[in-house]
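Note that the structure is a prediction, hence the values are computed from the model and not measured. A note on names: the letters A, B, ... follow the listed sequences, proteins ahead of strands, and every chain is numbered from 1.
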Amino acid sequence: MMFSLQQVVTEIGVTETDLQLWIDQRWVLPHKREDGFIFDDVDIARARLIRELRVDLMVNEEAIPVVLSLLDQVHALRRALARVNSAIDTASPAAKAEIAKRLDAGD
Amino acid sequence: MPTPYEILGVQPSASADDIKKAYRALAKKLHPDLNPGNKRVEQQFKELSGAYDLLSDPAKRARYDRGEIDASGAERPDRPFYRRYAEGREGAKYQDFGLDEDSAIDDLFANLFRQRRPERPMHLRGADVTYVAEVDFIEAAVGAKKRLMLTDGKTLDVTIPPGTEDGQTLRLKGQGLPGAGGGPAGDAYIEVKVAPHPLFARKGNDVHIELPVTLPEAVLGATITAPTIDGPVSLKVPRDSNTGSTLRLKGKGIADRSTGQRGDQYVRLKVVLPDRADPELTDFLEKWTRRHPYTVRRGTDQP
């Protein structure tokens, strides 16, 4: 789904000024087109998260990039871990057993 | 089934403020986007939001307290949290948020397996980079080309457009870090710092300076030379000018960033007496002042 800036403003309940600020600070990265910004689902979910952090959880503005950066790093790590998982998944049974043994030993 | 009060961990007599505080504290722990991968919190957060929706609305809370409505049906509908996308392909564009240098994740793989990374077609856009360019007042006012030395030894030529303001950020598309797997390069953001100038000060698109003139130049009028951002120009000081008299040099200001129209330069005169006292001038003033007394401190004698 694609949304315009105006639609996102209504959808998540945020002022246009705030949303514009978040875009300027590159906390949200909608596509820029001739006739304005286009938001996809991930951009909207991210903008909604920022609104909840700011408004519901009263996280101050300076802390937002810190929170976002740490979250994004967690997600990137989880994505990386998923790749490791799928690599192990397709490994030979012997290799799998070896890895399982080593992981247990590391506990 | 716990009551909404139990979910929030407050007494049924709790004030609206206590309820808000309790919600905020629990939401910080249970917000699904702050717990990537933890499936359990999503249900807990749903219950928490439902309880808070009910108790934060005085009318609904009163009806609940009187037993007119129960806590069910107060749950918020399911909605997609950020984490649902963040790990998918859609989330990839936010992967390097806040990471200027090469992604820490690449290091992880490099250390884990000292061999080729698993093949996967990923078209990742390169990270954006930010640099600071320091320019002097005149360069920012009339525009300039600057060559920046980057940390990796490369150079980047930046055109500073006329009228650039202190703190303004320029974007150089495609000059950031290279993309991966055929993805486009990131952008370079250049933050411009404009050094202050000993003579010129900027207000909007106008330039202001203070220019010393001699006593005869001020009293009798003169044509003098005034510095502008384009270089010296001649300036006519009218007779009977004074300290504080301000002359305008039309079109000698800074070009507007959008219209290109130039502002003006304002020259504020400052009358300066000769370095050394001159007996002739002193004699003259002694005679003159007896016949022409004048006051300049009206209203300042009673602080």
Original post:
In chain order, what residues pass the side-chain contact (heavy atoms from CB on, under 4.5 Å) check against K203(B), with sequence neighbours excluded?
Top reply: H208(B)
Subject >> CG-CG distance between L29(A) and D128(B), expressed to the nearest 0.5 angstrom >> reply: 8.0 Å
Original post:
Would you say Q20(A) has more than 12 foreign heavy atoms packed within less than 6.0 Å of its CD?
Top reply: yes
Subject >> Short side-chain donor-acceptor distance under 3.5 Å, D43(A) and Y82(B) >> reply: no
Subject >> Engaged part of L70(A) at the chain B interface, taking heavy atoms whose separation is under 4.5 Å >> reply: neither
Subject >> Contacts of type salt bridge (Lys or Arg N to Asp or Glu O under 4.0 Å), residue E165(B), not counting sequence neighbours >> reply: R257(B)
**OP:** Pull out the residues in residues 28-38 of chain B that come under 4.5 Å of chain A, heavy atom to heavy atom, sorted by number.
**Re:** K28(B), H31(B), D33(B), L34(B), P36(B), G37(B)
Original post:
Is any side-chain heavy atom of R48(A) less than 4.5 Å from a side-chain heavy atom of F81(B)?
Top reply: no
Original post:
Relative to chain B, which segment of L71(A) carries a heavy atom at a distance below 4.5 Å: side chain, backbone, both, or neither?
Top reply: side chain
Original post:
Just wondering, do I44(A) and Y85(B) contact through their side chains at under 4.5 Å, heavy atoms?
Top reply: no
Subject >> Side chain, backbone, both or neither of R84(B) within contact of chain A (heavy atoms, under 4.5 Å) >> reply: neither
Original post:
Do NZ/NE/NH1/NH2 and the carboxylate oxygens of D56(A) and R24(B) come within less than 4.0 Å?
Top reply: no
**OP:** Mind checking side-chain contact (heavy atoms from CB on, under 4.5 Å) for D17(B) and listing every partner two or more places apart, or none if nothing turns up?
**Re:** S15(B), K21(B)
